[in-house]
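Structure record follows, encoded as structure tokens.
Within every chain, numbering begins at 1; the chains are lettered A, B, ... in the order of the sequence lines, protein sequences first and strands thereafter.
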Number of protein chains: 2
Amino acid sequence: MPFPQTEIPGRLQKQLAGRGIRMTAQRRAILSVIEMATKHLDASQILRKARRVDATVDRSTVYRTLDLLKRQGLIDELDLMHIKGEGHYYERRLDRDHIHMACLRCGKITEFASKTFDSLKKQLERDCHFHIVVSRLEVGGYCSGCRR
Amino acid sequence: MPFPQTEIPGRLQKQLAGRGIRMTAQRRAILSVIEMATKHLDASQILRKARRVDATVDRSTVYRTLDLLKRQGLIDELDLMHIKGEGHYYERRLDRDHIHMACLRCGKITEFASKTFDSLKKQLERDCHFHIVVSRLEVGGYCSGCRR
DNA sequence: AAGCCTCTTGCGATCAGTTGCGACTGGAGA
DNA sequence: TCTCCAGTCGCAACTGATCGCAAGAGGCTT
Ligand SMILES: [Mn+2]
Ligand SMILES: [Mn+2]
Ligand SMILES: [Zn+2]
Ligand SMILES: [Zn+2]
């Protein structure tokens with residue numbers, strides 16, 4: 001999970017509030033969980049952690065907040081090749097896009113930012129006259145430790 | 001949805017049988033639906049169509065068969081940016097990988113094969129010592145008709 | 001500080017996808 | 001052609017995600 005060099009705590013909350021979105025105790029709890037995360041979390045993990053901050057948080061509020069953050073472009077939703085189960089994973093969206101690689105054997109997730117990926121997207125925008133808002137490149141395969 | 005120039009009907013079925021996988025009436029029904037599809041289908045659409053071929057097909061059999069085909073590398077699973085709902089879409093995997101672009105306004109799905117995408121994957125394999133088995137690049141944004 | 005409007009929430013019902021189980025069957029071998 | 005059993009199936013119970021609704025609470029206005 002990529003981290004910015006210097007992160008102001010509560011930044012996510014400020015970004016939302018700055019867009020005129022109402023701040024609630026439940027949202028603050030969920031946002032703090034996402035902000036402090038050191039790995040990709042799924043909805044049930046976010047719920048569990050958020051409840052330690054505010055015990056009233058309900059499952060549906062987590063899903064609704066994740067949906068809000070997605071629509072606002074503040075988080076990205078990942079499949080991670082559905083290595084375990086059908087669920088989705090979430091991570092904060094930072095300045096630089098990155099690729100996710102999931103090892104089909106050991107389950108390790110590797111992240112990688114690539115210049116070629118950036119130019120591929122530029123090329124897509126030019127060649128297909130498509131304005132890209134969000135992009136997701138995920139690959140499944142075998143990591144250096146697991147390939148033979 | 002990309003189509004091969006000449007497709008032998010029943011090819012998917014032969015591919016499975018050739019790998020020693022048992023062929024059943026239900027599987028034949030589901031395979032034919034996937035083979036004849038002219039667009040990306042979700043599980044409930046596949047179930048509905050398969051039942052018109054064999055009325056006994058159950059929901060769980062569709063999911064189990066999709067899972068089998070995924071594991072065999074014969075179909076790919078797509079999110080299509082979850083333009084509508086959380087579900088997944090399926091398409092046959094053919095020789096050439098392609099990118100999916102989903103328009104967030106009109107919902108149109110555009111497919112695109114790219115030389116740069118192919119070399120990005122090669123570069124990934126080299127730089128990360130990762131052996132790619134399956135890859136998925138999906139982008140959301142605005143198509144030529146919808147961007148202003 | 002209080003009122004008010006609107007957005008948000010928890011709850012329960014519902015829907016979609018998964019799993020365990022006993023019955024069934026494809027197809028290899030006799 | 002018949003037998004046989006591992007693999008597959010339908011079913012029903014279960015789990016995770018969604019939705020509609022009435023109650024609750026941000027935060028602007030006064
Ligand atoms: Mn990541
Ligand atoms: Mn997905
Ligand atoms: Zn590995
Ligand atoms: Zn469009």
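Put simply, Gln26(B) has no side-chain N or O that comes within less than 4.0 Å of OP1 or OP2 on dT25(C).
Electrostatic pairing of Asp42(A) and Lys84(A) does not count as a salt bridge here, judged by no charged N lying under 4.0 Å from a carboxylate O. Under a 4.0 Å N-O distance rule, the pair Arg136(A)/Asp97(A) does not qualify as a salt bridge. Classification of Asp76(A) and Lys70(A) as a salt-bridged pair fails, no side-chain N sitting under 4.0 Å from a carboxylate O. A salt bridge is defined here as a Lys NZ or Arg NE, NH1 or NH2 lying under 4.0 Å from an Asp or Glu carboxylate O, and Arg71(B) with Asp67(B) meets this definition.
Grouping the Ile, Leu, Val, Met, Phe, Trp and Tyr side chains by contacts below 4.5 angstrom, directly or via other members, places Ile109(B) apart from Val133(A).
Checked by atom type, the side-chain pair His40(A)/Gln45(A) shows no donor-acceptor distance below 3.5 Å.
Grouping Ile, Leu, Val, Met, Phe, Trp and Tyr residues whose side-chain heavy atoms lie under 4.5 Å apart, directly or via other members, places Leu137(B) in a hydrophobic cluster with Ile99(A), Met101(A), Phe112(A), Phe117(A), Leu120(A), Leu124(A), Phe130(A), Ile132(A), Leu137(A), Val139(A), Ile99(B), Met101(B), Phe112(B), Phe117(B), Leu120(B), Leu124(B), Phe130(B), Ile132(B), Val139(B). Side-chain heavy-atom separations under 4.5 angstrom define the hydrophobic clusters, and the remaining members of the one that includes Val62(B) are Leu12(B), Leu16(B), Ile21(B), Met23(B), Ile30(B), Leu31(B), Val33(B), Ile34(B), Leu41(B), Ile46(B), Leu47(B), Val57(B), Leu66(B), Leu68(B), Leu69(B), Leu74(B), Ile75(B), Tyr90(B).
Applying the ring pair (Phe, Tyr, Trp, His ring centres under 6.0 Å) definition to pairs two or more places apart or across chains, those involving residues 52-82 of chain A are His82(A)-His88(A), His82(A)-His88(B).
In this structure, CG of Asp54(B) is placed 12 Å from C1' of dG10(D), rounded to the nearest angstrom. Between Arg19(A) atom CZ and dG26(D) atom P there is a gap of 22 Å when expressed in whole angstrom units. Here dC7(C) presents its P atom at 16 Å from CG of Leu16(A), a figure rounded to the nearest Å. Between Leu47(B) atom CG and dC11(D) atom C1' there is a gap of 14 Å when expressed in whole angstrom units. One interatomic measurement links the two molecules: OH of Tyr89(A) to P of dA17(D), which rounds to 11 Å at whole-angstrom precision. Between Asp42(A) atom CG and dG17(C) atom P there is a gap of 18 Å when expressed in whole angstrom units. As a whole-Å value, the separation of Leu68(A) CG from dT18(D) P is 14 Å.
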Distances for protein N or O near nucleotides 27-30 of chain D N or O, under 3.5 Å:
{"residue": "dG27(D)", "atom": "OP1", "partner": "Met23(A)", "partner atom": "N", "Å": "2.8"}

Taking only N/O atoms, report every protein-nucleotides 11-16 of chain C pair under 3.5 Å with atom names and distance.
{"residue": "dC11(C)", "atom": "N4", "partner": "Ser60(A)", "partner atom": "OG", "Å": "3.3"}

So which protein N/O to nucleotides 1-4 of chain D N/O distances come out below 3.5 Å?
none

Next item on the list: Check step by step if side-chain contact (heavy atoms from CB on, under 4.5 Å) holds for Glu86(B) and Glu86(A).
Entry: CA-CA 10 Å; Glu86(B) 282 294 293; Glu86(A) 280 293 291; over 6 Å; no
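A 4.5 Å side-chain heavy-atom check between Ser135(B) and Glu138(A) finds every atom pair outside the cut-off.
The side chain of Glu86(B) approaches dT18(D) more closely than any other nucleotide in the set dG17(C), dT18(D), dC9(D).
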